[in-house]
Colleague: 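Before we start, here is the structure in question, set down as structure tokens.
Heavy-atom basis, side chains included; hydrogens, waters and symmetry copies ignored.
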Amino acid sequence: MGEAEIARIAAEAAQAYADPDAFLAANPDINYDDSFPIPLGEWVVVGSLPDTVLFQADRYDELFQGIVASFGPEVAFTIKPRQLAKVEPLKALNSIQVQMSSLYPEKGGYVLVNFSEPLDDALQCVLVYTCDLPRMLALSVEVGILAAPAYEALRAERAS
């Protein structure tokens, strides 16, 4: 995502956090109500992320299928989504992370990051350049959106 698009989303989210009622009145097309488990500003951020950045699924093979599709046929992956269908979640996530780390070496590869509270699917992640991860995590903390590298989070969860 470009800086202009990030700034636009941040401005809209700030408005939604500051005055949810006014924001909803000015944006009647926003499908949000108080029963949602996340604040309106966070809803704006999650809803504004393109499907080349935000990935949602119930299983890791489905999540990886969405990632592969977002890159298009010109990017070759060494693993296929179907290979992850019957693999234990931690191993599947490790395979995905190893694959993503090898792409775009100029930026240090990608990190799959759990992002926000999953709404309709069990898994909700964003892809972030490794070099941008510290900034992304700091901004997430600043605005109160849950974010953690997916593999490390699942590994820590399994260890406890």
Side-chain angles (χ1 to χ4, degrees), residues 1-3 5-71 81 84-85 87-101 109-160:
M1 293 177 50
E3 288 295 324
E5 189 174 9
I6 292 169
R8 179 191 59 77
I9 292 169
E12 288 179 4
Q15 292 170 4
Y17 275 119
D19 191 345
D21 292 332
F23 184 83
L24 288 171
N27 297 281
D29 58 323
I30 300 287
N31 180 24
Y32 178 86
D33 67 54
D34 292 337
S35 69
F36 290 10
I38 59 175
L40 178 59
E42 188 169 340
W43 175 261
V44 169
V45 171
V46 171
S48 297
L49 295 175
D51 61 5
T52 57
V53 173
L54 179 73
F55 301 95
Q56 299 166 308
D58 287 321
R59 299 186 330 253
Y60 288 105
D61 61 318
E62 295 170 345
L63 186 76
F64 190 57
Q65 178 60 46
I67 293 169
V68 169
S70 76
F71 279 88
L84 303 174
V87 175
E88 187 269 326
L90 191 59
K91 288 181 181 178
L93 191 50
N94 184 56
S95 295
I96 294 169
Q97 186 54 63
V98 167
Q99 177 70 78
M100 300 318 302
S101 295
Y110 292 93
V111 178
L112 193 60
V113 177
N114 293 340
F115 190 74
S116 185
E117 186 72 32
L119 300 172
D120 297 326
D121 300 282
L123 307 169
Q124 183 168 287
C125 300
V126 292
L127 271 182
V128 178
Y129 292 127
T130 301
C131 64
D132 292 338
L133 182 63
R135 179 175 176 242
M136 181 267 187
L137 293 175
L139 289 171
S140 295
V141 167
E142 188 176 312
V143 297
I145 296 177
L146 296 172
Y151 177 71
E152 286 81 4
L154 184 58
R155 190 175 67 197
E157 178 185 309
R158 297 288 169 98
S160 58

Colleague: Just checking R8: does its CZ atom have more than 12 heavy atoms from other residues, nucleotides or ligands closer to it than 6.0 angstrom?
Modeller: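 Yes, the 6.0 Å shell around CZ holds more than 12 heavy atoms from other groups.
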Colleague: Indicate the ring-plane relationship of F71 and Y110, choosing parallel, tilted or perpendicular according to the 30° and 60° boundaries.
Modeller: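 Correct class here is perpendicular.
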Colleague: Quick one: does V111's side chain get under 4.5 Å of M100's, heavy atoms only?
Modeller: no
Colleague: Which distance, rounded to the nearest 0.5 Å, do you find between the CZ of F64 and the CZ of F55?
Modeller: 10.5 Å
Colleague: Measuring only between side-chain heavy atoms, which start at C-beta, is S116 closer than 4.5 Å to V126?
Modeller: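 Result no, sub-4.5 Å side-chain heavy-atom pair not found.
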Colleague: Would you check if the side chain of T52 reaches a backbone N or O of S70 as a donor-acceptor pair within less than 3.5 Å?
Modeller: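 No; zero donor-acceptor contacts below 3.5 Å.
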Colleague: How long is the straight-line distance from CG of L112 back to CG of N94, given to the nearest 0.5 Å?
Modeller: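 Nearest 0.5 Å value for the CG-CG distance: 12.0 Å.
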Colleague: Please list, chain by chain and in numerical order, all residues satisfying side-chain contact (heavy atoms from CB on, under 4.5 Å) with P118, sequence neighbours excluded.
Modeller: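 In terms of side-chain contact (heavy atoms from CB on, under 4.5 Å), with neighbours along the sequence ignored, P118 is linked to Q124.
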Colleague: I need the W43 CH2 to E117 CD distance, nearest 0.5 Å.
Modeller: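 So the gap between those two atoms works out to 12.5 Å.
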Colleague: To the nearest 0.5 Å, what is the distance between CG on D34 and CG on L40?
Modeller: 9.0 Å
Colleague: Test side chain to side chain contact (heavy atoms under 4.5 Å, CB included) on Y32 and L24 and set out the steps.
Modeller: CA-CA 8 Å; Y32 178 86; L24 288 171; 4.3 Å; yes
Colleague: For residues V87 and Y60, determine if any side-chain heavy atom of one lies less than 4.5 Å from a side-chain heavy atom of the other.
Modeller: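 Sidechains of Y60 and V87: no contact.
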Colleague: Report yes if some heavy atom in the side chain of L139 is under 4.5 Å from a heavy atom in the side chain of E142; otherwise report no.
Modeller: yes
Colleague: List for me each residue that meets side-chain contact (heavy atoms from CB on, under 4.5 Å) alongside A57, sequence neighbours excluded, and say none if there are none.
Modeller: E62, L63
Colleague: Do the side chains of L146 and N114 get nearer than 4.5 Å, heavy atoms only?
Modeller: no
Colleague: Within this structure, what is the CG-CZ distance for the pair L54 and F115, rounded to the nearest 0.5 Å?
Modeller: 8.0 Å
Colleague: Got a second to check how far Q65's CD is from I67's CD1, nearest 0.5 Å?
Modeller: 10.0 Å
Colleague: Just by distance, do the side chain of D58 and the backbone of A122 share a donor-acceptor pair under 3.5 Å?
Modeller: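 Confirmed, D58 side chain pairs with A122 backbone.
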Colleague: Hey, are S95 and Q99 close enough side-chain-wise for a donor-acceptor pair under 3.5 Å?
Modeller: no
Colleague: D132 side chain to V128 main-chain N or O, any donor-acceptor pair under 3.5 Å?
Modeller: no
